[in-house]
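Positions are given from 1, in the same order as the sequence printed here. Worth saying up front: this structure is predicted, and the values here are computed from it rather than measured.
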Amino acid sequence: MPPILTSLLDTDAYKLHMQQAVYHRYPDAEVVAEFHSRNEEDLLPMMGQIEEQLRLAGSLRLSKAESLFLAERPFFSADYLDHLRRKPLDASLLRVFERDGRINVRVEGPWQDVILWEIPVLATISEMRNRFRYPQFGVSQALTRLDQKIDKLQYTLSPEEMQDFNLIDFGTRRRFSQAVQDAVVGRLKERLPCFRGTSNYQLAQKYQLPAVGTQAHEWFQAHQQLGFPLAQSQRAALTSWLDEFSSHLGIALTDCITMDAFLHDFDFELASRYQGLRHDSGDPVVWGEKAISHYQRLGINPASKTLVFSDGLNLDKAVALFRHFRGRINTSFGIGTQLTCDLPGVSPMNIVFKLMECNGGPVAKISDSPGKTLCRDADFVRHLKQAFHLPR
């Protein structure tokens, strides 16, 4: 079987952005990350092929054109890009095995090396599963469905609304296939002037689009074990990010320890320096109203900030949110599987690859959606809730 992944840049932008920050700030941090299937789909019959594909991904290297493309981004440093060229994906950290009748993937080692494996693991497993389960489907079915959505969006939004609507592809991790995501991004750029970018660096290069993404939950989780007092870990993560990127990549993820706990730490200085916030769990309207109220309490004009919505969106939900907040605060909408794995009769996978430990200790995410909370150590979750004054 030919390789599923053919470029080191076939990954989400936030992985490279976070890797640079880790490379500079926490080069000695050791972590464990693991694959989880929330719907517990049986993948054992393809375990051998999945492991083979991931080993192949470990041989990927940056091409000269890719290196030059990254070097054009103002926030990447020369020393980090040298590191990425010399030491990309380290397959020796990877272990694929069976546990409790399910496939598991575990990556353990230096955080700066483990961090790049999330997207290859998820994209590979998703595409391999779809090849086995839906061999009759592909690009043509995906584009037929996409064209119907584009037609509806063009009918729904007025020309004035279309100018203000900001759509971003966030579909790498659980895509139907690389070919489908490539075709979807190409069609969106061709037909929709409101299509503003993609989270995928390879496709950003190919289609001359902005590569969109800042940090993920693991950035905040790891700070729980990086030597900061637990109650100060979220503030430390927010500050460290600004120290690394200053005036770039200024969208903060809010739900590692709930939106309320985030806003408690998000004081005037942080709110002034960050360009906006990203939603990834809980009711998006409630979340957005809390964000606007918080900016107003701090004396910051919400119209100068941006809310990025990225939790289980489709175009209909995005339009409804856009109209609810339009004129009060800027909005962008990152849509994933509803763009890159929306084919008739196809059920997308519900899979994640999450940080479980850092420096030998547990880490946790306590999101605004209870089903997204992830940690095996109940005592640590209790300590974390206590530190952030959350209900137990």
Side-chain angles (χ1 to χ4, degrees), residues 2-19 53 56-57 60-76 81 84 88-89 116-128 130 138-143 145-147 149-150 166-214 216 249 251 278 308 310 313-315 318 332-343 348 353:
I4 288 175
L5 301 178
T6 59
S7 169
L8 197 65
L9 294 193
D10 188 8
T11 192
D12 277 343
Y14 69 10
K15 301 309 295 190
L16 299 186
H17 302 161
M18 287 191 295
Q19 190 190 37
Q53 287 290 334
L56 289 173
L60 293 172
R61 298 293 183 270
L62 283 179
S63 69
K64 183 176 181 180
E66 290 172 337
S67 294
L68 291 173
F69 174 72
L70 293 181
E72 292 170 353
R73 309 309 105 187
F75 40 79
F76 281 131
L81 293 180
L84 187 60
L89 289 167
L116 286 190
W117 275 108
E118 176 188 4
I119 309 305
V121 167
L122 295 178
T124 295
I125 289 175
S126 183
E127 180 159 351
M128 184 66 68
N130 291 331
V139 169
S140 62
Q141 292 88 355
L143 290 184
R145 180 67 66 92
L146 180 63
D147 281 332
K149 294 178 180 180
I150 292 174
N166 296 302
L167 175 63
I168 307 164
D169 158 51
F170 273 14
T172 302
R173 293 178 299 161
R174 304 180 189 110
R175 65 194 180 192
F176 185 85
S177 67
Q178 194 279 335
V180 163
Q181 186 183 18
D182 188 325
V184 164
V185 169
R187 184 63 57 88
L188 287 169
K189 183 181 179 184
E190 174 190 341
R191 292 198 58 195
L192 278 180
C194 64
F195 182 56
R196 312 295 186 187
T198 173
S199 64
N200 186 292
Y201 255 116
Q202 182 185 28
L203 297 177
Q205 180 184 23
K206 178 176 180 178
Y207 291 105
Q208 299 180 21
L209 291 164
V212 181
T214 53
L249 306 179
I251 300 294
R278 178 162 76 90
V308 179
S310 63
L313 288 183
N314 57 35
L315 283 171
S332 289
F333 303 93
I335 302 183
T337 55
Q338 289 298 317
L339 289 177
T340 62
C341 196
D342 185 21
L343 292 80
F353 187 78

Within the structure provided, determine whether Leu339 and Asn314 are in side-chain contact (heavy-atom separation under 4.5 Å). no
Might you point out which heavy atoms bring Tyr14 and Ala216 nearest each other, and give the distance in Å? CE2-CB, 3.5 Å
Of all heavy-atom pairs between Ala183 and Val139, which one has the smallest distance, and what is that distance? CB-CG1, 3.6 Å
At what distance, to the nearest 0.5 angstrom, does OG of Ser177 lie from CG of Leu343? 8.0 Å
For the residue pair Val212 and Phe170, what are the closest heavy atoms and their distance? CG1-CE1, 4.2 Å
With side-chain contact (heavy atoms from CB on, under 4.5 Å) as the test, would you mind laying out the steps for Leu84 and Leu116 before giving the verdict? CA-CA 10 Å; Leu84 187 60; Leu116 286 190; 3.9 Å; yes
Verdict with supporting geometry, Trp117 and Leu89, side-chain contact (heavy atoms from CB on, under 4.5 Å): CA-CA 7 Å; Trp117 275 108; Leu89 289 167; 3.8 Å; yes
Atom CD of Glu72 with >12 non-hydrogen neighbours under 6.0 angstrom: yes
Evaluate the ring planes of His17 and Phe76, with Trp represented by its six-membered ring, and classify them as parallel (under 30°), tilted (30 to 60°) or perpendicular (over 60°). tilted
Any side-chain heavy-atom pair of Leu68 and Ser63 under 4.5 Å: no
Using atom types as modelled and distance alone, determine if a side-chain donor or acceptor of Ser126 lies under 3.5 Å from a backbone N or O of Leu122. no
Does Arg73 reach the main-chain N or O of Phe69 with its side chain, forming a donor-acceptor pair under 3.5 Å? yes
What is the minimum heavy-atom distance between Asn200 and Arg175, and which atoms define it? ND2-NH1, 3.8 Å
Backbone of Gly197 reached by a side-chain donor or acceptor of Tyr207 within 3.5 Å: no
Shortest non-hydrogen contact between Met18 and Thr214, atoms and distance: CG-O, 3.9 Å
Return yes if a side-chain donor-acceptor contact under 3.5 Å exists between Tyr201 and Asp10, otherwise no. no
Short side-chain donor-acceptor distance under 3.5 Å, Arg174 and Thr337: no
Roughly how far, to the nearest 0.5 Å, is the CG atom of Leu9 from the CD atom of Gln205? 6.0 Å
Residues pairing under salt bridge (Lys or Arg N to Asp or Glu O under 4.0 Å) where one sits in residues 192-202, two or more places apart or in two chains, turn out to be none
Mind listing the closest non-hydrogen atom pair of Gln181 and Thr172 along with its distance? NE2-OG1, 2.9 Å
Evaluate Asp169 against Lys189 for salt bridge (Lys or Arg N to Asp or Glu O under 4.0 Å), listing each step before the verdict. CA-CA 10 Å; Asp169 158 51; Lys189 183 181 179 184; over 6 Å; no
To the nearest 0.5 Å, tell me how far Thr11 OG1 sits from Arg173 CZ. 10.5 Å
Determine, stepwise, if the pair Asp342 / Leu146 fulfils side-chain contact (heavy atoms from CB on, under 4.5 Å). CA-CA 8 Å; Asp342 185 21; Leu146 180 63; over 6 Å; no
Check: Gln141 side chain, Gly138 main-chain N or O, donor-acceptor pair, under 3.5 Å: yes
Distance check, rounded to the nearest 0.5 Å: Gln208 atom CD versus Leu203 atom CG? 13.0 Å
Working to the nearest 0.5 angstrom, can you tell me the gap between Leu5 CG and Thr124 OG1? 4.0 Å
Are Arg187 and Leu192 close enough that some pair of their side-chain heavy atoms sits under 4.5 Å apart? no
In Å, rounded to the nearest 0.5 Å, how long is the span from OG of Ser310 to CD1 of Ile335? 10.5 Å
Before you tell me yes or no, could you show the steps for Gln53 and Glu127 under side-chain contact (heavy atoms from CB on, under 4.5 Å), namely the whole-Å CA-CA distance, both residues' side-chain angles and the distance that decides it to 0.1 Å? CA-CA 11 Å; Gln53 287 290 334; Glu127 180 159 351; over 6 Å; no
